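In this text, all values refer to a predicted model and were calculated from it rather than measured experimentally. Position 1 is the first residue of the sequence, and the numbers go up from there.
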Amino acid sequence: MQRRILQLLMKIICPFFIWNKEKRKEFIRHHSRITVSFCSFANLKRFKNDPVLENSVLILEPNDFHGEVMPGYAEYFLKLGFNVDVVSVPALMKTKFLPQEQLKKIRAYAVDEVFYKKILHDAKSKFYKYILFTSVDGMHGPVTRYIPNDAYSKLFAVLHSKEHLRKKEIKKLYDDKKLFVLRNFNNDKNLWEINPHYFGQNKPADIKNHPVNFIMVGLIDPKKRNSQLMIDSIANLAAKSEIPFKLTVISRRKIKNVPKSTSQYLNIRYNLDYDKMYEEMKRAHFFLPLLDPKNEKQRAYLSELSTGSPQLIMGFLTPAIINNEYAKTYFLNSENSVLYKDNELAPAMLAALNMTAETYNNMTQELKTMQQERFNSSLNNLKKALHG
């Protein structure tokens with residue numbers, strides 16, 4: 001009720017200073033969640049009353065996104081023998097980002113960001129061995145504002161974009177080698193590459209099960225992916241292949257200008273919770289990152305901005321159909337993925353449709369090998385980071 005009232009007020013006021021309809025929707029969706037939820041008080045009380053278990057780590061996410069990285073970071077700490085407590089804002093906790101396998105191992109608390117300082121200044125917080133923020137910047141600014149001075153030595157945070165380094169508080173974390181990244185593009189010695197791609201124990205989808213299921217996960221936004229290329233490729237594929245297929249689209253924004261002849265091949269799922277998205281991923285045969293090397297804004301994913309696609313590809317052992325330039329950046333190759341040049345997506349999707357079961361199984365096995373290599377490398381980097 002509280003959020004609905006705030007949304008209504010924002011819908012009335014926002015048109016006066018945000019003219020773009022899509023930007024206005026995103027602003028309202030995001031900022032209407034910066035509220036105090038009633039469940040925060042119950043969770044605060046539970047957090048205060050629950051004793052800190054021996055050898056424990058506290059992982060926090062201050063935003064209502066980035067839930068997909070929390071299971072992976074939690075899993076690394078669990079592998080090192082730590083107990084793990086997780087705190088996220090209620091809007092994110094409702095999306096069920098923790099896989100079933102972790103629910104019995106982790107204590108989770110839904111608390112609004114405005115109370116994070118209270119949590120970290122509570123006497124019990126000094127008993128945590130380490131504190132990790134899975135976003136270095138929250139809805140109210142850099143997360144360092146919540147940390148007492150005597151806890152700084154055990155603080156780490158995840159940097160998702162180098163743009164955040166412009167803030168002096170975050171630059172200090174960088175200088176002190178306290179930042180984790182999903183991909184360390186330039187082997188920066190001040191950053192720790194720790195890639196969170198754990199979503200439970202998953203097996204590849206059976207390629208013999210038809211229709212062949214392509215999947216796209218993420219925001220429909222020209223800055224992030226080429227959705228028109230996807231629509232055009234589906235139309236092309238429908239005209240050339242007799243093998244049944246579908247494309248599952250998981251996004252917050254609607255796809256515009258989809259021809260009726262193409263829409264029959266689309267399984268569009270808007271605003272899914274993480275647990276539902278995980279189920280869709282388990283059924284997918286091929287993943288479409290839709291990264292366009294000709295789009296200047298998307299070229300940031302080659303050198304400074306991490307995309308979430310490789311985590312899903314590795315975590316669910318779902319071969320990618322990806323531009324070859326981006327593939328090299330994210331440890332993907334012709335052995336574990338279907339590569340294409342420029343924007344030649346349609347021929348690559350056709351090749352995937354005609355792939356034999358043996359070739360597909362070999363590809364997923366190569367992905368499994370790469371997944372294990374990245375997991376071991378990340379685990380070793382975490383050990384080094386923790387021991388300075």
Side-chain angles (χ1 to χ4, degrees), residues 20 22-23 26 63 65-66 68-69 135-137 158-167 170-171 174 179-197 214-234 236 247 249-253 255-257 286-315 318-349 352 370 374:
N20 182 281
E22 287 300 322
K23 288 184 178 179
E26 191 65 19
N63 299 294
F65 47 86
H66 287 156
E68 74 280 359
V69 306
S135 294
V136 76
D137 218 0
V158 180
L159 179 72
H160 292 273
S161 171
K162 287 188 176 181
E163 287 186 3
H164 292 302
L165 293 176
R166 296 173 184 172
K167 297 182 179 181
I170 298 174
K171 180 62 165 58
Y174 169 83
L179 294 177
F180 299 168
V181 289
L182 280 65
R183 181 74 179 92
N184 192 352
F185 296 100
N186 301 311
N187 295 318
D188 189 322
K189 293 182 179 179
N190 277 38
L191 298 173
W192 302 99
E193 181 173 301
I194 303 172
N195 188 281
H197 53 265
F214 301 98
I215 194 167
M216 190 288 294
V217 180
L219 197 64
I220 301 295
D221 185 329
K223 295 178 184 178
K224 296 179 177 293
R225 49 189 54 81
N226 189 337
S227 59
Q228 189 58 50
L229 174 64
M230 173 185 72
I231 293 168
D232 293 344
S233 297
I234 289 295
N236 189 301
L247 170 60
V249 177
I250 300 174
S251 182
R252 286 204 305 265
R253 290 184 187 172
I255 307 175
K256 298 179 179 179
N257 305 319
F286 295 99
F287 191 99
L288 305 182
L290 299 176
L291 294 168
D292 183 355
K294 296 181 180 180
N295 185 317
E296 278 303 313
K297 291 180 179 178
Q298 291 181 31
R299 292 194 68 80
Y301 290 110
L302 289 168
S303 60
E304 58 186 71
L305 185 62
S306 300
T307 170
S309 296
Q311 283 70 254
L312 294 173
I313 291 163
M314 283 190 283
T318 307
I321 303 179
I322 185 171
N323 171 272
N324 60 343
E325 197 172 350
Y326 291 96
K328 296 174 185 176
T329 304
Y330 294 100
F331 304 102
L332 300 173
N333 54 52
S334 58
E335 300 296 317
N336 58 35
S337 304
V338 180
L339 309 186
Y340 59 88
K341 295 180 180 179
D342 298 321
N343 277 327
E344 298 174 1
L345 175 61
M349 292 178 71
M370 189 266 279
R374 304 314 308 155

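L345 is listed as a side-chain neighbour of I321, based on a closest heavy-atom distance under 4.5 Å. Counting only heavy atoms from C-beta outward, the side chains of N343 and D292 approach each other to under 4.5 Å. The closest side-chain heavy-atom distance from P289 to Y326 is not below 4.5 Å. For the pair L312/T318, no side-chain contact is recorded, criterion being any heavy-atom separation below 4.5 Å from C-beta on. The closest side-chain heavy-atom distance from L247 to V249 is below 4.5 Å. The shortest side-chain heavy-atom distance between L288 and M349 falls under the 4.5 Å cut-off. Residues L179 and N190 are not in side-chain contact: their nearest non-hydrogen atoms beyond the backbone lie 4.5 Å or more apart. Inter-residue side-chain proximity for N195 and M314 is flagged as met; some heavy-atom pair is nearer than 4.5 Å.
Judged by distance alone, with hydrogens and angles left aside, the side-chain atoms of Q311 form no donor-acceptor pair with the main-chain N or O of P196 at under 3.5 Å. The main-chain N or O of G218 is found under 3.5 Å from a side-chain atom of S251 such that the two form a donor-acceptor pair. Under the 3.5 Å distance criterion, the side-chain polar atoms of R299 are left unmatched by any main-chain donor or acceptor of K294.
When all heavy atoms are compared, the tightest approach of H66 to S135 is ND1-OG, 2.7 Å. In terms of heavy-atom proximity, Y330 sits nearest to Y301 at OH-O, 2.6 Å. In terms of heavy atoms, F214 sits closest to A352 at CE2-CB, 4.2 Å. The heavy-atom pair separating P293 from E325 by the smallest distance is CB-OE1, 3.6 Å. The heavy-atom pair separating T329 from R183 by the smallest distance is O-NE, 2.6 Å.
Rounded to the nearest 0.5 Å, atoms CG (L290) and CG (N295) are 12.0 Å apart. Here the CD atom belonging to Q298 is positioned 9.5 Å from the OG1 atom belonging to T307, to the nearest 0.5 angstrom. Once rounded to the nearest 0.5 Å, the distance linking CZ of R374 with CG of L182 reads 11.5 Å. Atom CG of residue L305 and atom CD of residue E163 lie 7.5 Å apart, to the nearest 0.5 angstrom. Note: F185 CZ to L191 CG = 10.5 Å, rounded to the nearest 0.5 Å.
The salt bridge (charged side-chain N to carboxylate O under 4.0 Å, His left out) search around K167 returns D137, not counting sequence neighbours. With sequence neighbours excluded, no residue forms a salt bridge (charged side-chain N to carboxylate O under 4.0 Å, His left out) with E68. In this structure, the side chain to side chain contact (heavy atoms under 4.5 Å, CB included) partners of S227, at least two apart in sequence or on a different chain, are I220, M230. Listed by chain and residue number, Y174 satisfy the side-chain hydrogen bond (donor to acceptor under 3.5 Å, both in side chains) test with D188 (two or more places apart in sequence, or in another chain). K341 pairs by the salt bridge (charged side-chain N to carboxylate O under 4.0 Å, His left out) definition with nothing, not counting sequence neighbours.
No side-chain donor-acceptor contact under 3.5 Å links N323 and D342. Counting only N and O atoms by type, the side chains of S306 and H160 include no donor and acceptor under 3.5 Å apart.
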Can you check side-chain contact (heavy atoms from CB on, under 4.5 Å) on K171 and R166, steps first, answer last? CA-CA 7 Å; K171 180 62 165 58; R166 296 173 184 172; over 6 Å; no
Show your working on side-chain contact (heavy atoms from CB on, under 4.5 Å) between F287 and V217 and close with a plain yes or no. CA-CA 8 Å; F287 191 99; V217 180; 3.9 Å; yes
Evaluate H164 against L159 for side-chain contact (heavy atoms from CB on, under 4.5 Å), listing each step before the verdict. CA-CA 8 Å; H164 292 302; L159 179 72; 3.7 Å; yes
Please tabulate, one pair per line, all N/O donor-acceptor pairs under 3.5 Å involving side-chain atoms of residues 331-340, not counting sequence neighbours.
residue	atom	partner	partner atom	Å
N333	OD1	E335	N	2.8
N333	OD1	N336	N	3.2
N336	OD1	N333	N	2.9

